[in-house]
There are 2 protein chains.
Amino acid sequence: MVNIPEQDAKSTEGRILEAAKTVFISKGFDGTSMQDIADEADINKSLLHYYFRSKEKLFSAVFNYAFQQFIPHIQGILSAEESIFVKIEQIVGVYMDMLRKNQFIPAFILHEINMNPDRLYSLMQVSGLRPQVFVGQFVQEISKGIIRPIDPRQLIVNLLSLCIFPVAARPLLQRILFENNDIVYEKFLDERKKVVADFIIHSIKA
Amino acid sequence: MVNIPEQDAKSTEGRILEAAKTVFISKGFDGTSMQDIADEADINKSLLHYYFRSKEKLFSAVFNYAFQQFIPHIQGILSAEESIFVKIEQIVGVYMDMLRKNQFIPAFILHEINMNPDRLYSLMQVSGLRPQVFVGQFVQEISKGIIRPIDPRQLIVNLLSLCIFPVAARPLLQRILFENNDIVYEKFLDERKKVVADFIIHSIKA
DNA sequence: GTCTATAAATTGATAGAC
DNA sequence: GTCTATCAATTTATAGAC
């Protein structure tokens with residue numbers, strides 16, 4: 001009910017969820033009508049209410065699925081036995097690759113989190129992301145003198161900002177800085193993986 | 001018609017624009033009905049169509065106004081005769097102060113730019129923001145060996161990311177990292193002005 | 001499970017009285 | 001300029017036949 005079942009992605013319920021995800025993400029909650037989703041799924045509108053009672057309920061189911069894609073194996077990287085520099089490089093690489101494959105998710109989540117923070121936050125809780133491990137290691141390496149003393153939360157926000165914003169604001173940035181050239185912006189994002197990692201590491205080295 | 005006239009902010013047209021700005025920014029274009037705006041302005045719905053022909057036209061007028069607030073005296077800073085380090089510090093300070101006063105604008109713009117990139121981009125053109133001057137100075141200081149050779153567009157995107165994202169994603173970040181404590185997050189944003197400037201400068205120094 | 005038909009409310013927009 | 005009344009279309013959601 002909550003996750004799109006892989007085995008029967010062609011079942012009615014699976015088709016609805018896939019279609020709803022596509023439409024919700026591209027048009028937002030308010031911009032999406034149940035008819036839009038029914039059309040996308042090539043299915044009768046009434047079936048949406050048969051499987052999910054309301055638009056809100058359908059959205060919750062879809063968001064849960066989309067958000068789990070959005071927070072990938074980050075937790076694994078955070079808890080790994082690696083130097084903080086390697087971790088940062090890995091996180092940036094994995095995160096930016098994933099973001100490029102799901103271009104519209106960042107802006108979607110940023111919008112919905114502002115429209116209805118509590119709804120989204122409670123849906124997120126399930127994901128179980130815990131930054132504390134990373135923060136712990138970070139504090140340790142500061143005390144060892146390996147890195148500069150910086151608030152670890154500032155570092156986390158820096159990292160997220162540098163990875164997510166360029167994708168969320170892509171339609172704007174691509175037009176202003178890259179003459180709306182898709183290929184050039186893709187190359188820019190590709191180079192950016194190294195740039196961001198270097199940028200962060202360079203700034204925290206003691 | 002485009003700007004909210006300061007002198008007669010209590011005129012019908014001014015009241016409509018102020019109300020529309022409030023509602024559009026908090027609920028988005030699709031989430032806002034003309035009735036919502038009329039209620040907010042405490043005015044008859046028909047008057048919205050009398051002053052602005054359609055919802056689209058009203059949105060354009062409002063967005064133009066909101067966006068001009070969003071891009072403040074940045075252009076002045078960019079063209080000033082200052083070292084690149086001073087400029088970065090000034091831009092970060094001015095930008096983050098302004099963002100905190102207009103908390104909902106970043107997420108609003110990010111959403112609308114993804115919903116309808118061309119509409120928003122054409123509305124933006126009027127602002128006449130030109131990053132080329134800054135890029136020129138940047139390239140010069142690289143050749144002088146004052147700063148590391150970095151793609152100036154990467155630097156601009158870094159700067160925008162670090163300033164805008166923490167505000168746009170605030171409802172999420174504040175809950176995850178700061179136990180949803182408003183005062184603590186405000187302090188975090190305040191400290192962040194220095195952190196971001198240091199962070200950038202530290203990363204570009206040769 | 002899937003469909004048609006339809007309810008009940010809301011949407012953007014217009015006509016016309018004052 | 002401002003209002004009431006109203007249109008036509010669309011919205012979410014339900015009832016009921018098959």
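In what follows, chains carry the letters A, B, and so on, assigned in the order in which the sequence lines appear, proteins first and then strands, with residues in each chain numbered from 1. Because the structure is predicted, anything quoted here is derived from the model rather than measured.
Put simply, NZ on A/Lys57 is 15 Å from P on D/dT12, counting in whole angstrom units. Residue A/Lys55 contributes atom NZ, which lies 19 Å from atom P of C/dA9 at whole-angstrom precision. Following rounding to the nearest Å, A/Ile16 (CD1) and C/dG1 (P) show an atom-to-atom distance of 11 Å. In this structure, A/Phe52 places its CZ atom 13 Å from P of D/dA13, rounding to the nearest Å. One can place CG of B/Leu58 at 13 Å from C1' of C/dA13, the figure rounded to the nearest angstrom. Counting to the nearest Å, the C1' atom of C/dA15 and the CZ atom of B/Arg53 are 16 Å from each other.
Listed by residue number, the members of residues 31-49 of chain A with any heavy atom below 4.0 angstrom from DNA chain C are A/Asn44, A/Ser46, A/Leu47.
Of all non-hydrogen atoms in A/Tyr185 and A/Leu173, the two that sit nearest each other are OH-CD1, 3.5 Å.
In this structure, A/Lys21 is not positioned above the aromatic face of A/Phe108 in the sense of NZ or CZ being under 6.0 Å from the six-membered ring centre and within 45° of the axis.
Salt bridge absent: B/Lys45 and B/Asp39 never bring a charged side-chain N and a carboxylate O closer than 4.0 Å.
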Practice task
List the steps and the verdict of side chain to side chain contact (heavy atoms under 4.5 Å, CB included) for B/His202 and A/Arg148.
Solution key: CA-CA 11 Å; B/His202 210 265; A/Arg148 292 203 298 156; 3.8 Å; yes
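Side-chain N or O atoms of B/Asn181 include one that pairs as donor or acceptor with a backbone N or O of B/Val184 at under 3.5 Å.
Dashed line: the shortest gap from a side-chain N or O of B/Thr12 to OP1 or OP2 of D/dT2 is under 4.0 Å. Residue A/Tyr51 places at least one side-chain N or O closer than 4.0 Å to OP1 or OP2 of C/dT2.
With B/Thr32 as the fixed residue, the side-chain contact (heavy atoms from CB on, under 4.5 Å) test singles out one of B/Val23, B/Leu58, B/Ile25: B/Val23.
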